[in-house]
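Everything numeric in this text was worked out from a predicted model, so none of it was measured. Hydrogens, waters and symmetry mates play no part in the numbers below; they use all other heavy atoms, side chains included. We number each residue from 1, following the sequence as shown.
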Amino acid sequence: MQNAFGDTLKEWRGRRRMSQLDLGLAANVSARHISFLETGRSRPSRSMVRLLSESLELPHGARNAFLGAAGFAPAYRKRALDDADMAHVRAAVDWTLERHDPFPAMALDRHWTVVKANRSGGFLLAGAGISTGDSLLEALTDTGRMQDVLENWREVAEHMIVRLRTESAHLGGDDVLDATVGKLEAVLGPRTGGADGPLPAIIPARYRAGDRVLSFFSTIAQFGSAEDIALSELRIELLFPSDDETRDTLAIVGQNG
């Protein structure tokens with residue numbers, strides 16, 4: 001007898017490397033009940049499906065699939081940022097991007113497509129031939145172009161491999177992210193263990209801008225308590241200068257408008 005929910009539960013539990021006991025403790029149910037759900041001896045309620053989704057830290061899209069496997073209607077929608085009921089979210093994104101000038105900032109979706117960018121972010125991206133609606137992942141794997149733009153492209157690419165693997169693992173696997181990792185690994189070849197001694201606090205990305213090199217590190221902002229699929233995957237990448245020359249250059253650019 002087919003047990004779609006049980007199979008899905010077991011698959012995600014394996015992806016999260018949780019035993020039945022681990023999941024039972026996280027969800028405050030018995031390991032025996034988890035076993036019964038996986039074998040089909042018990043059927044979950046809608047509230048139990050949502051509880052297990054939270055305990056497994058499933059992405060919102062996967063939670064809909066989890067509900068569907070148990071025979072329930074989806075709980076999460078995927079709204080466009082310009083939808084009427086996203087007005088306050090849209091205003092928050094715009095406010096964050098605008099206030100971050102003269103430092104670059106951009107809003108990205110789960111596949112690193114540029115949703116919005118502030119003025120400085122647009123200028124920085126334009127130097128790499130990237131604009132709103134373009135994918136940073138596609139640009140990153142265009143090694144000829146990015147090696148011209150990024151002075152330390154290889155270092156950035158090695159860091160991105162780790163980051164993309166982490167993001168894909170959280171999503172339970174993502175074909176786009178995994179394909180990008182494969183392309184980068186093919187270009188970079190075998191990786192070494194790195195230099196001896198302590199690592200630096202941050203690894204900045206150094207962009208060539210004419211006769212200057214602008215050096216940035218970044219932080220990522222995401223929406224807390226997001227219950228929309230697209231919103232839960234949206235993030236705002238805020239770039240900050242990692243040296244005085246970059247900070248002073250951006251200050252001058254900001255003053256000149």
Side-chain angles (χ1 to χ4, degrees), residues 1-93 96 107-113 115 162-179 181 219-237:
M1 181 176 175
Q2 190 176 20
N3 179 25
F5 176 79
D7 292 342
T8 304
L9 174 58
K10 185 175 182 179
E11 179 183 357
W12 272 104
R13 184 171 59 77
R15 288 176 177 176
R16 295 300 188 238
R17 299 183 180 181
M18 299 177 75
S19 67
Q20 291 178 344
L21 178 59
D22 293 333
L23 181 55
L25 290 172
N28 198 28
V29 300
S30 69
R32 185 183 183 198
H33 188 53
I34 299 297
S35 176
F36 280 11
L37 289 172
E38 290 185 355
T39 59
R41 293 182 64 181
S42 294
R43 295 190 61 182
S45 65
R46 184 179 178 88
S47 61
M48 177 57 68
V49 176
R50 298 192 66 173
L51 175 61
L52 293 174
S53 295
E54 292 172 1
S55 300
L56 289 164
E57 298 182 357
L58 300 190
H60 287 57
R63 295 186 187 198
N64 275 347
F66 211 35
L67 285 164
F72 299 110
Y76 304 96
R77 289 178 54 196
K78 187 172 185 178
R79 301 168 178 82
L81 194 58
D82 58 1
D83 279 6
D85 56 354
M86 297 283 275
H88 291 297
V89 172
R90 188 167 59 250
V93 172
T96 303
L108 308 169
D109 68 12
R110 68 180 278 177
H111 290 149
W112 292 66
T113 300
V115 178
V162 176
R163 182 169 168 182
L164 294 176
R165 278 180 176 157
T166 301
E167 292 182 6
S168 179
H170 170 69
L171 295 168
D174 183 283
D175 290 343
V176 173
L177 303 182
D178 294 340
V181 168
T219 186
I220 299 170
Q222 291 183 284
F223 287 93
S225 67
E227 296 289 18
D228 177 87
I229 295 175
L231 186 58
S232 69
E233 297 171 349
L234 185 72
R235 57 187 181 273
I236 301 175
E237 188 118 11

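- Taking NZ of Lys78 as the reference point, atom CG of Leu231 lies at 12.0 Å (rounded to 0.5 Å).
- Other residues, nucleotides and ligands place more than 12 heavy atoms under 6.0 Å from the CG atom of Asp82.
- Judged by distance alone, with hydrogens and angles left aside, the side-chain atoms of Arg110 form no donor-acceptor pair with the main-chain N or O of Glu233 at under 3.5 Å.
- Across all their heavy atoms, Asn3 and Gly40 have their closest contact at ND2-N, 3.2 Å.
- Side-chain atoms of Arg50 and Leu67, non-hydrogen and from C-beta on, do get closer than 4.5 Å to each other.
- The closest side-chain heavy-atom distance from Leu108 to Ile220 is not below 4.5 Å.
- Residues Arg13 and Lys10 have side chains in contact (heavy-atom distance under 4.5 Å, counting atoms from C-beta outward).
- Side-chain N or O atoms of Ser232 include one that pairs as donor or acceptor with a backbone N or O of Ile229 at under 3.5 Å.
- Counting only heavy atoms from C-beta outward, the side chains of Val49 and Phe5 approach each other to under 4.5 Å.
- In this structure a side-chain-to-backbone donor-acceptor pair under 3.5 Å is missing from Ser168 to Leu164.
- Looking only at side-chain heavy atoms (C-beta outward), Leu37 and Val29 stay at 4.5 Å or farther from each other.
- The distance from the CZ atom of Arg15 to the CG atom of Leu171 is 10.0 Å, given to the nearest 0.5 Å.
- Side-chain N or O atoms of Asn64 include one that pairs as donor or acceptor with a backbone N or O of Ala75 at under 3.5 Å.
- By the neighbour-count criterion of 12 heavy atoms within 6.0 Å, atom CZ of Arg41 is sparsely surrounded, having that number or fewer from other residues, nucleotides or ligands.
- Using a 4.5 Å cut-off on side-chain heavy atoms (C-beta onward), Asp174 and His111 make contact.
- Pairing each heavy atom of Arg90 with each of Asp83, the nearest pair is NH1-O, 3.2 Å.
- Looking at every heavy atom in both residues, Glu167 comes nearest to Leu177 through CB-CD1, 3.9 Å.
- Side chain of Ser55 to main chain of Leu51: a donor-acceptor pair is present (N/O by atom type, distance under 3.5 Å, no hydrogens or angles).
- Listed for the Arg16 side chain is a donor-acceptor partner under 3.5 Å among the backbone atoms of His170.
- Residues Val115 and Val93 have side chains not in contact (no heavy-atom distance under 4.5 Å, counting atoms from C-beta outward).
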Practice prompt. Show the numbers, then the answer: is there a side-chain contact (heavy atoms from CB on, under 4.5 Å) between Trp12 and Glu57?
Written response: CA-CA 10 Å; Trp12 272 104; Glu57 298 182 357; over 6 Å; no
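- Without hydrogens or angle criteria, His60 side chain to Ala226 main chain gives a donor-acceptor distance under 3.5 Å.
- Under a 3.5 Å cut-off, the side chain of Thr113 and the backbone N or O of Asp109 do not form any donor-acceptor pair.
- Put simply, CG on Leu21 and OG on Ser35 are 12.0 Å apart, with the number rounded to the nearest 0.5 Å.
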Discussion item. For a side-chain contact (heavy atoms from CB on, under 4.5 Å) check, start with the C-alpha distance between Met18 and Leu56, then their side-chain angles and the critical distance, and finish with the verdict.
Written reply: CA-CA 9 Å; Met18 299 177 75; Leu56 289 164; 3.9 Å; yes
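- Arg43 CZ: 12 or fewer foreign heavy atoms inside a 6.0 Å radius.
- Minimum interatomic distance between Arg79 and Asp85 (heavy atoms only, all atoms of both residues): NE-OD2, 3.0 Å.
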